[in-house]
*Asks:* 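I am attaching a structure below and will ask some questions about it afterwards.
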Amino acid sequence: GMPSVNKEYARLSTENAGLEAEKKGLERMLAQANLVLEKGASDFSVIAPAYNEEASIVESVLSLLNLRYPDYEVIVVNDGSRDRTLDLLVGTFELVKRDVALGTSLKTRRIRGGYSSKRWPGLLVVDKENGGKADSLNAGINAARKRLFAGIDSDSLLERDSLLRVAAAWLDYRADT
């Protein structure tokens with residue numbers, strides 16, 4: 001009878017609304033991508049302080065290395081973790097201890113070393129004595145090689161387009177000022 005037809009109609013219109021929203025989202029992403037590419041994308045350093053994150057650090061870093069953006073680096077700051085956070089990073093991403101050029105404009109707790117990888121050139125790991133999140137962000141900013149930086153929690157997985165969104169907003173803002 002009628003109720004089932006109405007239910008089916010409601011289901012289809014809900015699905016359709018979902019597809020419409022998805023299409024709008026894709027269109028917005030394309031507009032942002034075009035803006036970023038036309039105006040010259042600003043390059044980004046994504047700084048992720050990590051303290052005792054052995055359960056999630058590998059997954060988090062892999063997701064950060066897979067963002068859709070033309071020019072960015074990922075800086076993981078190991079804030080004196082007492083678990084296997086650093087070991088897992090070194091083992092998974094084939095990191096080698098290097099003399100990393102670290103600026104000293106911001107004061108931080110002692111840096112124990114910098115690690116990079118031939119296989120993942122966009123990844124830098126800074127290992128330091130424990131000093132808390134702000135101290136770790138400062139260490140990341142000191143190590144950053146790009147023009148803009150974004151600090152995030154290492155266990156928050158960013159959507160793949162988040163840097164595009166931030167860059168597009170930044171370009172819009174610059175156009176207005």
Side-chain angles (χ1 to χ4, degrees), residues 32-33 36-37 39-171 173-174 177:
Q32 288 166 344
V36 164
L37 292 169
K39 292 272 192 337
S42 210
D43 41 330
F44 262 97
S45 296
V46 179
I47 302 169
Y51 178 70
N52 291 351
E53 306 271 354
E54 66 180 9
S56 57
I57 194 68
V58 169
E59 187 192 356
S60 301
V61 172
L62 279 171
S63 96
L64 289 174
L65 290 169
N66 280 297
L67 297 175
R68 265 191 281 256
Y69 199 75
D71 183 5
Y72 75 101
E73 65 177 350
V74 175
I75 301 174
V76 179
V77 182
N78 180 48
D79 188 28
S81 295
R82 294 195 170 87
D83 65 357
R84 295 180 56 236
T85 298
L86 185 63
D87 298 340
L88 284 168
L89 287 169
V90 168
T92 307
F93 298 101
E94 300 166 30
L95 297 173
V96 179
K97 198 166 185 177
R98 298 248 157 80
D99 288 329
V100 179
L102 296 175
T104 51
S105 49
L106 299 169
K107 235 175 90 58
T108 69
R109 300 297 294 271
R110 196 174 68 81
I111 304 294
R112 296 193 285 226
Y115 295 78
S116 62
S117 160
K118 282 201 169 69
R119 199 167 152 212
W120 307 89
L123 175 63
L124 173 66
V125 174
V126 175
D127 182 37
K128 60 181 278 298
E129 285 176 359
N130 182 260
K133 191 169 285 181
D135 192 69
S136 297
L137 277 174
N138 285 347
I141 292 166
N142 282 345
R145 296 166 292 196
K146 306 291 185 186
R147 281 181 296 180
L148 297 179
F149 65 85
I152 65 147
D153 288 339
S154 61
D155 59 358
S156 58
L157 297 174
L158 287 180
E159 283 178 44
R160 286 192 67 192
D161 303 320
S162 32
L163 279 187
L164 274 178
R165 284 204 294 276
V166 173
W170 161 247
L171 288 166
Y173 165 79
R174 269 209 327 214
T177 51

*Asks:* Do Phe44 and Tyr69 make a side-chain contact, defined as non-hydrogen atoms from C-beta onward lying under 4.5 Å apart?
*Replies:* yes
*Asks:* Please give me the minimum heavy-atom distance between Glu53 and Asp83, naming the atom from each residue.
*Replies:* N-OD2, 3.4 Å
*Asks:* Are any non-hydrogen side-chain atoms of Ile75 and Glu73 less than 4.5 angstrom apart?
*Replies:* yes
*Asks:* Name each donor-acceptor pair under 3.5 Å that joins a side chain in residues 87-96 to protein atoms two or more places apart or in another chain, with its distance.
*Replies:*
unit_1	atom_1	unit_2	atom_2	d
Thr92	OG1	Leu88	O	2.7
Glu94	OE2	Arg119	NH1	2.9

*Asks:* What's the shortest heavy-atom distance between Thr108 and Ala139, and which atoms?
*Replies:* CG2-N, 3.5 Å
*Asks:* If only side-chain N and O atoms count, and only distance matters, is there a donor-acceptor pair under 3.5 Å linking Ser63 with Asn66?
*Replies:* no
*Asks:* Hey, does Val61 have a side-chain heavy atom less than 4.5 Å from the side chain of Leu123?
*Replies:* yes
*Asks:* On a heavy-atom basis, which atom in Asn142 and which in Leu106 lie closest, and how many Å separate them?
*Replies:* ND2-O, 2.8 Å
*Asks:* With sequence neighbours excluded, tell me which residues meet side-chain hydrogen bond (donor to acceptor under 3.5 Å, both in side chains) with Glu129.
*Replies:* Arg110
*Asks:* With sequence neighbours left out, write down each residue that passes side-chain hydrogen bond (donor to acceptor under 3.5 Å, both in side chains) with Asn130, or none if nothing qualifies.
*Replies:* Asp79
*Asks:* Quick one about Glu54 and Thr85 (side-chain donor to acceptor, distance below 3.5 Å, no hydrogens or angles considered), yes or no?
*Replies:* no
*Asks:* Do Leu148 and Ser45 touch side chain to side chain, with heavy atoms closer than 4.5 Å?
*Replies:* no
*Asks:* I want to check something: taking the side chain as every heavy atom from C-beta on, are Tyr51 and Arg82 in contact at a cut-off of under 4.5 Å?
*Replies:* yes
*Asks:* For Asn138, which residues count as a side-chain hydrogen bond (donor to acceptor under 3.5 Å, both in side chains) partner, sequence neighbours excluded?
*Replies:* none
*Asks:* Partners of Lys97 by side chain to side chain contact (heavy atoms under 4.5 Å, CB included), sequence neighbours excluded?
*Replies:* Tyr115
*Asks:* Quick one: do Arg112 and Asp127 make a salt bridge, cutoff under 4.0 Å?
*Replies:* yes
*Asks:* Hey, does Ile152 have a side-chain heavy atom less than 4.5 Å from the side chain of Val46?
*Replies:* yes
*Asks:* Decide yes or no for Ser136 and Lys128: does some side-chain heavy atom of the first lie under 4.5 Å from some side-chain heavy atom of the second?
*Replies:* yes
*Asks:* Taking all non-hydrogen atoms of both residues, which atom of Asp43 and which atom of Arg145 are closest, and how far apart?
*Replies:* OD2-O, 4.4 Å
*Asks:* Could you report the tightest heavy-atom contact between Ser117 and Arg98, atom names first, then the distance?
*Replies:* N-NH1, 4.2 Å
*Asks:* Report the residues that fulfil side-chain hydrogen bond (donor to acceptor under 3.5 Å, both in side chains) with Asn52, sequence neighbours left out, ordered by chain and then residue number.
*Replies:* none
*Asks:* Any sub-3.5 Å donor-acceptor pair from Tyr72's side-chain atoms to Lys146's backbone N or O?
*Replies:* no
*Asks:* Are any of the side-chain heavy atoms of Ile47 and Ile141 separated by less than 4.5 Å?
*Replies:* yes
